[in-house]
Amino acid sequence: MSGCEKAPGCDTGGSSRRSFMAGLIGAGVLSVAPGVTLYRFAEAKEAGGAVTSAVRWGMLIDTTKCETGCTDCITACNDEHGLTSKGRPRTDAQWIRKIDARDKKTGKQWSLPMMCQHCAEPPCVDVCPTGASFKRADGIVLVDKHICIGCRYCMMACPYKARSFIHEDLENQKSYSPRGKGVVEGCTLCVHRVDAGRRPACVDACRAAGHNAMMFGDINDPDSEISKRLSHFPATAIRADLGLDPGVRYQGI
Amino acid sequence: MIRGLPVLVVMTCLAGAAAADTWVPVPFIPKGKGEACVRDVAFMRTQHMELLVHQRDATVHRGVRPKDSRLPACLECHAVAGKAGKPVTYKDPKHFCRSCHDYASVKIDCFSCHNSVPDPSEVAHQ
Amino acid sequence: MKSIRYGTLAMGRRRFWAMLAGAATIAGVGLLAAGSMEHQGHWITGMDNQIVWGLPHVFAVFLIVAASGALNVASMGSVFGRTAYKSLARLSGLLTIALLVGGLSVLVLDLGRPDRLIVAMTTYNFRSIFAWNIFLYTGLVIVVAVYLWVQMTHRLRRFQGAAGVVALVWRLTLTTGTGLIFGMLVAREAYDAAVMAPLFIAMSLAFGMALFIPALLALQDGPLDDALLSRMARLLGIFVAATLYFVAVQHLVNLYAAEHIGVERFILADGGIITGLFWVGQILLGGIVPLVLLLVGTITPLRVVIACGLIVLGGFAQVYVIIIGGQAYPLELFPGAVETSSFFDGQIASYRPSLHELALGIGGCGVAVLIALIGLRALPLLPAPAALREAAE
């Protein structure tokens, strides 16, 4: 339930908000819950529009609903960001990929999408010499391509091999996803969509196709659908022993 | 006679300048669409980098997205039509940014990553 | 103490200019290769999204590590008071600068955006060991330059000791930082080890000395004193032994832990060229054979030069195994499972270096030789032979 009301940067218009709040102030004396909503709404974005750490964006992937061979999320991501193949798989950018795994002893198989895990303690942010790899206040880990020097140290440091280096000149970039030769990039959790109150393209594509394997939301909000699911069903982080506290969790592995 | 020569040369140049409209080549800056830009000409002439650099850092690092400071919006209004009415890219000298930057000989780096024409398939992202 | 006389490089003009032109050509070819990489993009190289750092980084790390070790001769003279080495301090300092700048030029030219070098030198994320290294590398050039200046200026002689200590501490920090570039990466099985810091210190001492001794032999007028050569040869032997010790500790401890068996099996047994480079290049040719040559029997200049050459080759092999081998082994996202994906998960990554990378790496060596030649010709850095003979007694 990551509708417009919960997302920062979503502007429903000043006057409707004022009348809403006026009604609440009357009712708010009588119950606690509207007060909590008030608090969350005001805290989610600062005056001036900056994101805050009141929100932490996360994803939950149910691998039992994820089929081997389905690549809807990958297609959606590539379309959204204009990631086209140059016919050289080893140097083509891949922001999200499907991993098919099979346990050697038991033979159990599973399939899941792997992308930047948006860790709370990202090693890529620690190692970047210029600070181009950074974590936004709301938990999204990004590359500031204006100051990236293309040293690829973050690619060495990422435990999930989430980052790609752009190996050639590019054209016809999407206006909301600028990318160019010589810098490093990775899954942005569709930050341009999230800031507009929408879900990442992969999550939307998975829902639209009816698989419903991917869920997105605010894991700091105990009332969000994703938080409720995380509190009821076991979910793990990949390479959890590294202690990175990723924002992406998986069920069924 | 010799001392008077430089004075003579300068006077001739000034006379020539007075005769011509301008004696220094100036860039031809294509007019943008709409009534006015998001900032006035004086600001843009001297401080468009304020928007492009400092505002950009606020957008990337803090998620601040003022509606009038989006690069695609600038490109939309300042698109210059080329062949078949399609906007020209940065490769073409008629591109809006190049009209000044070629003249001032200041190389810019934006369009190795950013598209230099408005993206027609773009869903309106505010 | 008698004051030592120093001179500039006494090479015939024609020979000097020929060598200069040769080094400049090599450096120029490297520059062209880098220009091509920058213009077309890195797809023309053998590096990709799996093997992210390749041959240029092998050259760069080797040169930088050797640079730090080359300064050891000066440290032994000024900080540790071994008079035999005092007269060699200036040459040591110049070689440090030459090798360091050579290595840095390779590193910088391989960047995806070398035009942003100013950004790299002014915007620092100080949680990054890489940022510290950028600061330390450029700083060492300045520190050693000051050290050389202090040595060459009579009225500043009393600062020699202090300058020597600063240089020593700086280069130990730098080499520790270089080792920790890899040692602090938790993601990769072959790295993530604190022992890489002292390992790199030992490597620097061995590589630096192995480049210094042949340089000294080549530049000296007449034969080098036997006693001094023996002393340096034995010291080099100890450095090689120290390197082997840290390598042994790293691999034996890794073999003990079940979670590291996979990567150890890859490096020590299954890794194809990586395994070959490890055992034959690094251990045998770069370690055991030089140990025998340097510590067993009588020292002759020929033996020492062969040992030095082998140590350099073995050193390249070692850095290649560390950098390429460490990346070739796949990340284990699901221990105990076989992984496949369109992004080459679960596979040993293969790497074929391109000519561009080789040219860039060798170009860096050319830059080092160029700087060394110019420095030796312009500044009085070489001790007169008499001074060396007296010092060795």
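Side chains included, hydrogens not; waters and symmetry mates left out as well; all remaining heavy atoms used. All chains are named by letter (A, B, ...) in the order of the sequence lines, taking the proteins before the strands, and each is independently numbered beginning at 1. For clarity, every value in this text was computed on a predicted model and none was experimentally measured.
The candidate with the highest count of non-hydrogen atom pairs below 4.5 Å against chain C, out of A:Glu168, A:Arg97, A:Lys105, is A:Arg97. Ranked by heavy-atom pairs under 4.5 Å with chain C, the list A:Met155, A:Met156, A:Met114, A:Arg163 is led by A:Met156. Ranked by heavy-atom pairs shorter than 4.5 Å toward chain A, the options C:Gly336, C:Gly346, C:Ala120 are led by C:Gly336. Of all the listed residues (A:Cys158, A:Cys148, A:Gly180), the one sharing the greatest number of non-hydrogen pairs under 4.5 Å with chain C is A:Cys148. When each of C:Gly41, C:Ser128, C:Ala349 is checked for heavy-atom pairs under 4.5 Å with chain A, C:Ser128 comes out on top. Of all the listed residues (C:Ile51, C:Thr45, C:Leu107, C:Val119), the one sharing the greatest number of non-hydrogen pairs under 4.5 Å with chain A is C:Val119. Comparing A:Ser164, A:Ala132, A:Pro123, A:Gly131 by heavy-atom pairs within less than 4.5 Å of chain C, the highest count is held by A:Ser164. Per-residue heavy-atom pair counts under 4.5 Å with chain A were compared for C:Val186, C:Ile44, C:Ile181, and the maximum is reached by C:Ile181.
Using a 4.5 Å cut-off between heavy atoms, A:Tyr160 touches chain C through backbone and side chain atoms alike. Contacts between C:Ile134 and chain A at a heavy-atom distance below 4.5 Å involve the side chain alone, from C-beta outward. In this structure, the portion of C:His39 lying under 4.5 Å from any heavy atom of chain A is its backbone and not its side chain. Residue C:Ile118 does not touch chain A at all, counting heavy-atom pairs closer than 4.5 Å. For C:Tyr191, the part sitting under 4.5 Å from any heavy atom of chain A is the side chain, from C-beta outward, and nothing else. In this structure, chain C has no heavy atom under 4.5 Å from any part of A:Ile74. Proximity to chain C is limited to the side chain of A:Leu112, based on heavy atoms less than 4.5 angstrom apart. Interface remark: A:Val184 contributes no atoms to any contact with chain C (heavy atom separation under 4.5 Å). Contacts of A:Lys161 with chain C are made by both backbone and side-chain atoms, with heavy-atom separations under 4.5 Å. If you measure heavy-atom distances from A:Cys151 to chain C, the contacts under 4.5 Å come from both the backbone and the side chain.
Taken to the nearest 0.5 Å, the CZ atom of C:Phe334 stands 3.5 Å off from the CD1 atom of A:Ile238. Here CZ of A:Arg102 is found 11.5 Å from CD of C:Glu339. Values are rounded to the nearest 0.5 Å. The CD1 atom of A:Ile149 sits 11.0 Å away from the CE atom of C:Met121 when rounded to the nearest 0.5 Å. A distance of 11.5 Å separates NE2 in C:His42 from OG1 in A:Thr91, rounded to the nearest 0.5 Å. Between the SG atom of A:Cys128 and the CZ atom of C:Arg127 there is a distance of 12.0 Å, given to the nearest 0.5 Å. To the nearest 0.5 Å, the span separating CZ on C:Phe343 from CD on A:Gln94 amounts to 6.0 Å.
Taking the side chain as every heavy atom from C-beta outward, C:Trp43 and A:Lys86 never approach each other to under 4.5 Å. Side-chain contact between A:Phe165 and C:Met47 is absent, with no heavy-atom pair separated by less than 4.5 Å. Considering only heavy atoms from C-beta on, C:Leu333 comes within 4.5 Å of A:Arg239 through its side chain.
Shown here is C:Ile273, whose CD1 atom has no more than 12 heavy atoms of other residues, nucleotides or ligands within 6.0 Å. Within a 6.0 Å sphere centred on CZ of C:Arg265, other residues, nucleotides and ligands contribute 12 heavy atoms or fewer. No more than 12 heavy atoms of other residues, nucleotides or ligands sit less than 6.0 Å from atom OH of C:Tyr256.
Minimum heavy-atom separation, C:Leu185 to A:Val127: CD2-CG1, 4.2 Å. Here the shortest heavy-atom pairing between C:Trp53 and A:Tyr153 reads CH2-CD1, 3.5 Å. Taking each heavy atom of A:Ile147 and C:Arg116 in turn, the nearest pair found is N-NH1, 4.0 Å. Nearest approach of C:Phe130 to A:Pro129, heavy atoms of both residues: CD2-CG, 3.5 Å. Summarising the geometry of C:Ala337 relative to A:Trp110, their closest heavy-atom pair is CB-CH2, 3.9 Å, with the distance given to 0.1 Å.
Close approach to chain A, defined as a heavy atom under 4.5 Å from one of its heavy atoms, is seen in no residue of residues 352-364 of chain C. Contacts between residues 325-332 of chain C and chain A, defined by a heavy-atom separation under 4.5 Å, are made by C:Gln327, C:Leu331, C:Glu332.
Listed for the C:Asn49 side chain is a donor-acceptor partner under 3.5 Å among the backbone atoms of A:Asp92. Panel note: side chain A:Lys181, backbone C:Gly112; no donor-acceptor pair is recorded below 3.5 Å. Under the 3.5 Å distance criterion, the side-chain polar atoms of A:Arg90 are left unmatched by any main-chain donor or acceptor of C:Gly46.
Salt bridge present: A:Arg152 and C:Asp110 bring a charged side-chain N and a carboxylate O closer than 4.0 Å.
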